[in-house]
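The structure under discussion appears below in the form of structure tokens.
Here is the naming used below: chain letters follow the sequence lines, and residue numbers restart at 1 for every chain. Computation of the quantities below employed the complete heavy-atom set of this structure, encompassing side-chain atoms and omitting hydrogens, waters and symmetry-equivalent molecules.
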Amino acid sequence: MNSKSPAPVSIERYNHRTAEPKWQKAWADAAVFEAKEDASRPKYYVLEMFPYPSGRIHMGHVRNYTMGDVLARFRRACGYNVLHPMGWDAFGMPAENAAIERGVHPKGWTYSNIEAMKGQLKSMGLSLDWSREIATCDPGYYMHEQAMFLDFMEAGLVERRVSQVNWDPVDQTVLANEQVIDGRGWRSGAIVEKRELAQWFLKITAYADDLLKALDGLDKWPEKVRLMQKNWIGRSEGMRFSFAVEDETGKLRDERLTVYTTRHDTIFGASFCALSADHPLVKEIAAKRPDVEAFRREVAALGTSEESIEKAEKKGVFLGLYARHPFSKDVMLPVYAANFVLMGYGEGAIFGCPAHDQRDLDFARKYKLPVLPVVAPKGEANITIGTEAFTDTEGDNVVLVNSSFLDGLSVDKAKEEIARRMEEMSIGERRVNFRLRDWGVSRQRYWGCPIPVIHCKACGIVPVPHSGLPVQLPEDVTFDKPGNPLLHHPTWRHVKCPSCGEAAERETDTFDTFIDSSWYFARFCSPHATSPVDEKAARYWMGVDQYIGGVEHAILHLLYSRFYARAMMKTGHLHLKEPFESLFTQGMVVHETFSNAAGEWVLPAEAQQVDGKWVHTATGEPLTVGGIEKMSKSKRNVVDPETIIAAYGADTARWFMLSDTPPERDIEWTSLGAEGAWRFIQRIWRIVGEGAAEPGDAMSPELKKSVHKTIAAVTDDLEGLRFNRAIARIYELANAISAAPPPERRGAVETLVLLFAPMMPHLAEECWWTLGMPGLVVTTPWPKYDPALLVDDEVTMAIQINGKRRDEIKVAKGLKKEELEPLVMVRDAVVRSLDGKPVKKFIVVPDRIVNIVCAP
RNA sequence: GUGGGCGUGGCGGAAUGGUAGACGCAACGGACUUAAAAUCCGUUGGGAGAAAUCCCGUGAGGGUUCAAGUCCCUCCGCCCGCACCA
């Protein structure tokens with residue numbers, strides 16, 4: 001491969017079928033992608049979110065991994081010691097679904113999927129260090145997860161408590177939110193119930209403040225992701241206070257009702273109290289009141305997802321209780337159970353102020369409760385509330401009204417005053433609250449990491465001793481019965497208590513797969529270490545310099561990983577709390593949808609255009625072209641990367657994925673675009689063929705200039721992940737080369753090859769070899785540019801009259817206003833446009849624009 | 001419902017508040033060819049005009065500015081997340 005004799009000049013087409021495997025083998029033989037710690041070189045850790053092994057890669061993977069690969073290859077060329085690993089997020093529900101539906105074992109299914117996908121990834125020519133491959137379902141991986149969980153327990157980061165799950169009463173199974181469709185189980189169709197289960201939680205809320213504050217330091221993360229995390233954590237400064245409650249006979253209850261609010265300033269506008277259906281008081285009343293119990297069941301049918309709860313019509317049931325207003329003796333607030341109050345947030349109880357909260361207003365209108373505005377724009381003593389709540393709070397322009405001693409105060413001052421008084425009365429205190437909830441990690445499923453805990457009748461919860469790790473998943477399980485196979489296994493869960501030695505039972509729940517993906521990036525530093533993370537390796541490689549993945553992970557995966565790094569720090573497993581230095585979220589791959597007359601979705605590969613109309617290739621029936629949507633199995637608007645790579649080659653697929661569309665935006669896959677990329681490859685091949693034939697190196701000054709300008713621009717664009725712009729520059733350089741006479745091209749062609757090499761690595765190697773250049777492109781340094789060649793001595797400046805472009809002028813660079821004015825004012829177009837009107841202002845933006853302001 | 005984002009020619013898109021439409025695709029015209037494909041050259045936001053040139057134009061409407069795709073306000077449309085999909 002390193003032959004120095006130039007290949008025979010060829011006008012044949014570039015053949016990816018022979019070239020791509022050839023160069024993939026050359027890279028593998030040279031082991032160029034195997035990363036080794038080397039303190040003498042700067043490191044660069046580039047990571048793409050690892051895939052779930054579904055069996056086949058999809059276009060989203062192609063896009064994600066191409067971006068990471070371009071960066072890895074570019075940084076390597078720039079002299080960095082690059083770590084670019086790959087692994088498998090291998091636990092999860094689809095393997096169990098395959099087991100239930102097709103009778104295959106999750107392990108066999110998963111590993112054969114991994115093999116298939118690995119082959120597909122290899123055909124993409126990715127510069128991955130496969131020696132560091134990880135599968136999270138490997139006991140060699142998850143044993144460390146179990147060990148760290150035990151350490152977390154010891155560090156007080158783990159809690160066991162009751163929480164709610166979706167329960168399918170027919171299948172006798174816990175359902176994931178996505179398995180609940182319109183309140184029914186996806187397989188059984190039964191109405192889903194909420195059920196309470198004892199579960200394990202990781203105390204992410206212990207770090208809520210730090211996770212929030214540290215967002216400021218993540219300046220290489222997209223602002224939108226930081227904002228989303230900030231809102232998700234949801235820090236609020238409010239008050240927790242309590243009402244005295246009496247029943248309909250006027251009898252005072254022993255227990256007060258505690259609520260949480262961030263709008264204590266609106267206390268005089270309160271017209272009701274609302275409790276979560278799961279509030280202890282509601283449960284107590286429901287035991288005696290069938291209508292309340294019925295309401296609880298109705299709310300339970302909404303499932304556990306916040307979305308379904310918030311979308312539901314605001315409803316409630318009166319509990320027959322009244323809360324005494326703390327400042328207005330005669331005011332009694334009816335107490336309801338309501339479906340929009342969440343037990344997991346605050347106290348699970350609120351007071352409703354309809355005039356200034358939309359949900360409260362909807363509720364008040366439905367139950368004909370009073371709506372009294374207590375905040376209004378300054379100077380408007382009384383505003384009318386229709387169907388929209390008045391929610392302005394900012395500054396001194398809104399003030400309290402109808403609020404006794406608060407009248408005239410700003411919202412902030414009113415809050416302060418209420419807080420002071422309530423504290424004085426000892427009925428409440430200021431309280432910072434977070435929307436963020438602790439992380440429930442128990443899953444009632446087989447295909448996950450076993451939770452290393454034993455339940456003993458005498459000793460209670462006993463952690464599995466480290467010597468007992470890994471707690472391995474048994475392989476002899478069946479899926480003929482609904483529910484968790486670990487629970488049905490005849491022997492697995494029966495063990496002796498490590499503490500007292502008596503008969504005890506293993507925990508049969510497994511971990512949420514988000515745990516697996518919350519530390520894999522650290523494991524990649526030392527994938528074969530006997531501890532979870534080898535400190536020396538982690539100190540060299542961490543943090544991830546560039547993390548790339550879908551924006552759909554903006555909150556959960558990324559927040560859990562940030563928490564995990566902190567928890568690992570506390571237990572001595574990691575030395576830094578922010579794992580991802582820089583984050584990039586790429587857009588989705590979308591495609592047209594096709595459907596037939598029966599409304600069935602049709603694969604794009606089965607659709608064909610005849611006389612401008614789309615028809616089914618095999619049957620000829622007419623097809624309807626639907627919207628351009630995210631590629632999905634359900635809409636069948638998928639294009640198989642394997643087919644594309646076989647037909648056009650990996651470089652075509654890679655080039656297409658990077659061209660035109662900015663990486664953070666959704667890209668539409670089109671066959672025309674793929675062909676365009678393929679044609680450009682052939683064009684490069686011809687340019688290189690001609691360049692090889694003319695080994696002269698007499699670049700014209702113009703071509704030399706565009707070569708250096710292109711190096712500068714492409715370098716800058718790749719550093720900023722602006723792949724589409726880098727590609728536009730490469731097109732420009734290719735055009736400039738084509739326009740030059742062949743004997744002047746050689747040097748420019750060599751640079752061109754180096755510049756597109758990160759994007760189309762196979763083509764680059766083949767071209768390099770054809771040009772007779774020594775070595776592999778992959779080990780060739782990135783080209784350098786001469787800054788002196790980037791500046792032009794002449795510039796074209798636009799001339800505007802009153803902001804409208806009227807003329808342009810070519811002048812020496814750096815002219816001052818005084819030098820420009822005489823040149824500009826005598827120009828025909830300027831004289832004509834001014835039409836004798838006096839000049840009011842003469843504005844110059846150096847080297848860019850002149851704007852002459854005159855009377856209109 | 002709620003949190004976040006996006007919106008520019010026929011299409012994908014480019015544009016530190018400073019010449020809107022770089023670059024690519026498609027289309028059209030031409031060269032080459034017996035012919036087609038491929039390739040190469042040219043044109044291409046809309047409107048008026050013979051031309052010079054002028055008017056309009058970045059989802060809609062307002063505003064700030066000498067100057068707005070870019071900044072501010074209101075609205076419309078589409079997309080993503082919502083804690084057990086990964």
**Message:** Measuring from the side chain of A:Leu227 (C-beta onward, heavy atoms only), which nucleotide among B:rG7, B:rU53, B:rG5 has the closest atom?
**Reply:** B:rG5
**Ion pair check, A:Glu307 and A:Lys311, cut-off under 4.0 Å** = yes
**Message:** Roughly how many Å apart are B:rA52 and B:rA68, using the P atom of each and rounding to a whole number?
**Reply:** 27 Å
**Item:** Donor-acceptor contact present, side-chain A:His61 to main-chain A:His58, <3.5 Å
**Value:** yes
**Asked** Any chance the rings of A:Phe680 and A:Trp655 have centres within less than 6.0 Å?
**Response** yes
**Request:** Indicate whether OP1 or OP2 belonging to B:rG24 is found under 4.0 Å from a side-chain N or O atom of A:Asn735.
**Result:** yes
**Asked** Distance between the C1' atoms of B:rG17 and B:rC72, in whole angstroms?
**Response** 13 Å
**Message:** Distance check, P atoms only: B:rG24 and B:rC75, in whole angstrom units.
**Reply:** 41 Å
**Point-to-point distance, once rounded to the nearest 0.5 Å, from CG of A:Leu211 to NZ of A:Lys230** = 14.5 Å
**Message:** Can you confirm whether A:Glu629 sits close enough to A:His591 that some side-chain heavy atom of one is under 4.5 Å from a side-chain heavy atom of the other?
**Reply:** no
**Fill in**
Per atom distances to the A:Lys804 side chain, the nearest of B:rA22, B:rA67, B:rC56 is B:rC56
**Message:** Students often get this wrong, so: under 4.0 angstrom with heavy atoms, is A:Ser54 touching a base, only sugar-phosphate, or nothing?
**Reply:** nothing
**Asked** Rounded to whole angstrom units, what separation is found between the CD1 atom of A:Ile809 and the C1' atom of B:rG18?
**Response** 17 Å
**Item:** Nearest-nucleotide pick for A:Arg848, side chain only, options being B:rU53, B:rG7, B:rG18
**Value:** B:rG18
**Asked** In whole Å, what is the span from the CG atom of A:Asp847 to the P atom of B:rU19?
**Response** 13 Å
**Asked** Quick one: what's the B/S/- string for nucleotides 76-86 of chain B, heavy-atom cutoff under 4.0 Å, read 5' to 3'?
**Response** ---SSSBBBBB
**Prompt:** What stems involve RNA chain B, if each pair must be Watson-Crick or G-U and both of its distances must be under 3.5 Å, with 3 or more such pairs in a row?
**Reply:** B:1-7 with B:76-82, B:10-12 with B:23-25, B:27-31 with B:39-43, B:45-48 with B:53-56, B:59-63 with B:71-75
**Prompt:** Does A:Arg827 use its side chain to pair, donor to acceptor, with the backbone of A:Glu808 at less than 3.5 Å?
**Reply:** yes
**Message:** If I take atom CD in residue A:Gln229 and atom P in nucleotide B:rG5, what distance separates them, rounded to the nearest angstrom?
**Reply:** 14 Å
**Asked** Which heavy atom in A:Tyr520 sits nearest to a heavy atom in A:Ile134, and how many Å separate them?
**Response** O-CD1, 4.0 Å
**Request:** For A:Asn802 and B:rC66, give me the distance from atom CG to atom C1', rounded to whole Å.
**Result:** 8 Å
**Request:** Could you tell me the separation between the CG atom of A:Leu342 and the P atom of B:rU2, rounded to a whole number of Å?
**Result:** 14 Å
**Request:** State which of B:rG18, B:rU19, B:rC23 makes the closest approach to the side chain of A:Asn851.
**Result:** B:rG18
**Prompt:** Can any side-chain N or O of A:Asp666 pair as donor or acceptor with the backbone N or O of A:Met588 at less than 3.5 Å?
**Reply:** yes
**Prompt:** Residues two or more places apart in sequence or in another chain: which of them pass side-chain contact (heavy atoms from CB on, under 4.5 Å) with A:Asn735?
**Reply:** A:Arg683
**Request:** May I ask you to evaluate whether A:Arg729 reaches the phosphate of B:rA14, defined as a side-chain N or O under 4.0 Å from OP1 or OP2?
**Result:** no
**Span that lies between the P atom of B:rG10 and that of B:rG4, in whole angstrom** = 33 Å
**Item:** A:Arg665 CZ - B:rG24 P separation (whole Å)
**Value:** 19 Å
**Prompt:** 5'-most contact on RNA chain B: A:Arg683 or A:Ile849, nearest heavy atom basis?
**Reply:** A:Ile849
**Complete:** Distance col, row A:Ile730:CD1 vs A:Ser659:OG, nearest 0.5 angstrom, shows 9.5 Å
**Request:** Take atom CD of A:Glu808 and atom P of B:rU53, then tell me their distance rounded to the nearest Å.
**Result:** 11 Å
**Request:** Look at the side chain of A:Asp660 and the base of B:rG12, then say whether one donor and one acceptor between them are separated by less than 3.5 Å.
**Result:** yes
**Message:** Rounding to an integer number of angstrom, what distance separates B:rG57 and B:rU8 when you compare their C1' atoms?
**Reply:** 10 Å
**Item:** Aromatic A:Trp232 / basic A:Arg435 pairing, under 6.0 angstrom, 45° off normal
**Value:** yes
**Item:** Chi-based syn or anti call at B:rG9, which uses purine or pyrimidine torsion atoms and a 90° bound
**Value:** syn
**Request:** By nearest nucleotide on RNA chain B, pick out whichever of A:Met797 and A:Ser833 is the more 5' one.
**Result:** A:Met797
**Prompt:** Across the strands shown, which category fits A:Arg359 at heavy-atom distances under 4.0 angstrom: base, sugar-phosphate, nothing?
**Reply:** nothing
**Prompt:** So what does A:Thr661 hit on the nucleic acid, given a heavy-atom distance under 4.0 Å: a base, only sugar-phosphate, or nothing?
**Reply:** sugar-phosphate
**Message:** A cation-pi test, strictly: NZ or CZ of A:Arg437 under 6.0 Å from the centre of the six-membered ring of A:Tyr345 and no more than 45 degrees from its axis. Yes or no?
**Reply:** no
**Request:** Would you please confirm or rule out a distance under 4.0 Å between OP1 or OP2 of B:rG18 and any side-chain N or O of A:Arg805?
**Result:** no
**Message:** What's the gap between B:rC6 and B:rA38 when it is taken at their P atoms, as a whole Å value?
**Reply:** 39 Å
**Request:** Could you give the distance separating B:rU65 and B:rU70 at their P atoms, to the nearest angstrom?
**Result:** 16 Å
**Request:** Could you tell me the separation between the CD1 atom of A:Ile852 and the C1' atom of B:rC66, rounded to a whole number of Å?
**Result:** 12 Å
**Request:** Would you indicate what A:Glu675 reaches in the nucleic acid, counting non-hydrogen atoms under 4.0 angstrom: base, sugar-phosphate, or nothing?
**Result:** nothing
**Item:** B:rC71 versus B:rC84 - spacing of their P atoms, nearest Å
**Value:** 37 Å
